[in-house]
There are 2 protein chains.
Amino acid sequence: MNFLEAVKKGKGIPPIVKKIAFYEDVTSRLITRNLSLGKVVIPHNKKRTIKTPCAIGAGLRTKVNANIGTSTDRSDVKLELEKLAVAELAGADTVMDLSTSKNLKAVRTILLDKTNLPLGTVPIYEIAILGAVRYGALDKIPEDFFIKVLKEQAEEGVDFFTIHAGVTKKTLASLRKNPRIMGIVSRGGAILAEWMLKNSCENPFYRLFDEVVDIAKEFDVTLSLGDGLRPGSVLDATDRPQIEELRVLGNLQKVAFRKNVQVIIEGPGHVPINQIKANVELEKSICNGAPFYVLGPIVTDIAPGYDHITSAIGGAIAGSYGADFLCYVTPSEHLRLPTIDDVKEGVIASKIAAHAADIAKNAAGAIEKDRKISKARFLRDWEKQFEASLDSERCRAYRKSSVPAMKDACTMCGEYCSLKISERCLKNGFSSPKAARRKNRVVNV
Amino acid sequence: MNFLEAVKKGKGIPPIVKKIAFYEDVTSRLITRNLSLGKVVIPHNKKRTIKTPCAIGAGLRTKVNANIGTSTDRSDVKLELEKLAVAELAGADTVMDLSTSKNLKAVRTILLDKTNLPLGTVPIYEIAILGAVRYGALDKIPEDFFIKVLKEQAEEGVDFFTIHAGVTKKTLASLRKNPRIMGIVSRGGAILAEWMLKNSCENPFYRLFDEVVDIAKEFDVTLSLGDGLRPGSVLDATDRPQIEELRVLGNLQKVAFRKNVQVIIEGPGHVPINQIKANVELEKSICNGAPFYVLGPIVTDIAPGYDHITSAIGGAIAGSYGADFLCYVTPSEHLRLPTIDDVKEGVIASKIAAHAADIAKNAAGAIEKDRKISKARFLRDWEKQFEASLDSERCRAYRKSSVPAMKDACTMCGEYCSLKISERCLKNGFSSPKAARRKNRVVNV
């Protein structure tokens, strides 16, 4: 009996649920109920012990994923380990290893060993890269190699897989009929499309979805159904191919969930602000309430170099409407493999988005963080304010770089600090001194 | 006859309107109609010539303001001039000089001389700072000094004034009855509250509002009615004092507009995502459709050091619901006077928010910028992509820092670039080569 089956059958509350419930400040019952409805997932391969596991979905805080991993151009394992450390420190809830270098297996082994977080992969990368070496070319890779790689990764302990099973003959036909500016921008989706077209075959992940599900079931791997046809420009957003793929993913979610496999649905991408709400509502409705994992979304294409900001805007809005899981975007998106600094900036921007969404959807304990920092700020208790902030280190560095003449102000306002003036006014409760004296006299009689 | 009176009376289309209409890609008639309804303003003091004027309000692109200026701790004129240059280069539509150093008059003179943009001030700063020197203490400053300073600044050519006329005995009473975490966080609002409480007097800007209006009318100064009681924590947002002040501002807008003075309404501040829509709608309804100038808003308090991001989220959402004018927030907000880099980061973050909002509200030409960059991106025409981006320089630097092996990819995906793969698939229009051949055969018959 795997994890989800045990939960569905009400076989007691698993320790991991108790741990998460405590951390989330919700009841274990809320989590198990939503797990057994498919509205919450806990990505954790049965082969792994995760120090800081998390649950993703309805009624819980919005989670943040950080993508790390090598590329064909950059394959420095040490660098990726540093990124992992930075991502964890900055507060990522999960990490994905998106390595595409020849040594990707070695990178994954080390990351799985080192990380305290649930780790996800996109197995089509390994299939394409090692398969092309073994069989001579991408289109020569046989279907059973797809399944073989999935099984190996599951056995190694990968907690969640992105599976682009929605790139089908039918959805590609839709793409043919509905041209786009950006075509396919999902790396996995593009690889699969090329394999399918060259072989005139259906997507193996789709055709053999039952086998995919069986592996996931055996190892408690959560399936993150990838949107291989996600829009890559705000002008392509919410188009027919995207929505037709979403319908396919909704059907596959049903199949997998019935077989006791946990499922997440991946979403766009690039979406203008005015279409975000519809995207979240569509996913919730078409995919049976499964957790929604949005990639950004970025709300404009014109700001490469600042896509942590364009995606923080989209992520915050999506989260406030019910998206459950935000994939970070770094300032380097569309330009280069992210640096260590980029990873930090990306995680923090997504954490901001997630928290802003949590305030809006009234997630347990969210606004209390704002209360804490606001109280410290009003008192100009700088150290307490910094401790309550997302990045204490940066706060301290900024303050140190610009020391004010008055310790209880900052160099922005100096002696005209509104909080200092407010405090003086508050001594009389925002009454004039005369009125305050009068009031006191009456009270003292 | 001042500017607004001439427009209301339909005395031809002023050249400044024609210039702006061309730049905004809307008709002059749309602008003049909205000017004469009070839904658009063009801040331009009749004493000044503004090289790049702008219109703010209904039917137009969302505008961005950058605050610069010295403080009691830092009063380096050269530094502020550099900030001005950076703000203009990064695309600010207006600047405000918020100087509070003793040499603030000298700073303003130089900024007015150098800037190509409409320039705003918060005259209560000069009143408080020079007044305290002249009269010995803040509360000793007589009412006529308030008017005197306004008149002087108007004569110097300041294009718009922030006037905190909504901090009244009545709204302060509301603050007394409805305690907050953060009290008054508007510097101008706090100064006025202290003056009022110490003197047991009404706010001179409120009591003498007719005189304020007369000055504004004479010099075509746009009045930006400041929200001295804006919330300073998401927990204080949309509370009674804020809304009662907004009602006062709505009344004052009517008074000023009737006398042919252009009016903007300033808004919060700190607002959770789920309250932004209500804030915009309330302003539009209570303040007779006057342009809404939001200060951020930041959507969470927990991220000092990153408040350009918290405010980009809030600004984008507010803009998408109809806010017209975004005051930038820099990464240094709540910590120190911004540096030159901060100014750039702040302007860019706000420009992103404004543009994302413009896409959502379908502002003329907005989405075409995304189309342009997306097309270049699909073709991996890097230089064209960078030229179409908000910060070409940063894009080039990022790419240069991480040179890929293949020129038409980047180091993120290398040979697995989804766009390269997409392009290959597209050669056959996302058909399999066999199907494509078949199709061509039919066509060729």
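For clarity, every value in this text was computed on a predicted model and none was experimentally measured. So you know, we letter chains A, B, ... as the sequences are listed, proteins then strands, and number each from 1.
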Checklist entry - Taking every heavy-atom pair that is under 4.5 Å apart, which of B:A409, B:A357, B:A360 has the most such pairs with chain A? => result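 So the answer, after comparing B:A409, B:A357, B:A360, is B:A360.
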
If only atom types and distance count, is the side chain of [X] paired as donor or acceptor with the main-chain N or O of [Y] below 3.5 Å?
X	Y	answer
B:D370	A:D301	yes
B:S389	A:P304	no
B:S320	A:I273	no
A:T72	B:E415	yes

How about [X] and [Y]: do any of their side-chain heavy atoms sit closer than 4.5 Å?
X	Y	value
A:I367	B:L235	yes
B:M182	A:K375	no
B:C410	A:L335	no
B:I348	A:Y306	yes

With only heavy atoms counted, which part of [X] is less than 4.5 Å from chain A, the side chain, the backbone, both or neither?
X	result
B:A316	both
B:H334	both
B:I129	both
B:I373	side chain
B:P338	side chain

Item to check | Charged tip of A:R336 within 45° of B:Y398 ring normal and under 6.0 Å | outcome: yes

Checklist entry - For B:H355, which residues count as a ring-ring contact (aromatic ring centres under 6.0 Å, His included) partner, sequence neighbours excluded? => result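 So B:H355 forms no ring-ring contact (aromatic ring centres under 6.0 Å, His included) with any residue.
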
Checklist entry - side-chain contact (heavy atoms from CB on, under 4.5 Å) between B:S431 and A:R176: does it pass, once the steps are laid out? => result CA-CA 7 Å; B:S431 297; A:R176 236 175 350 256; 2.9 Å; yes

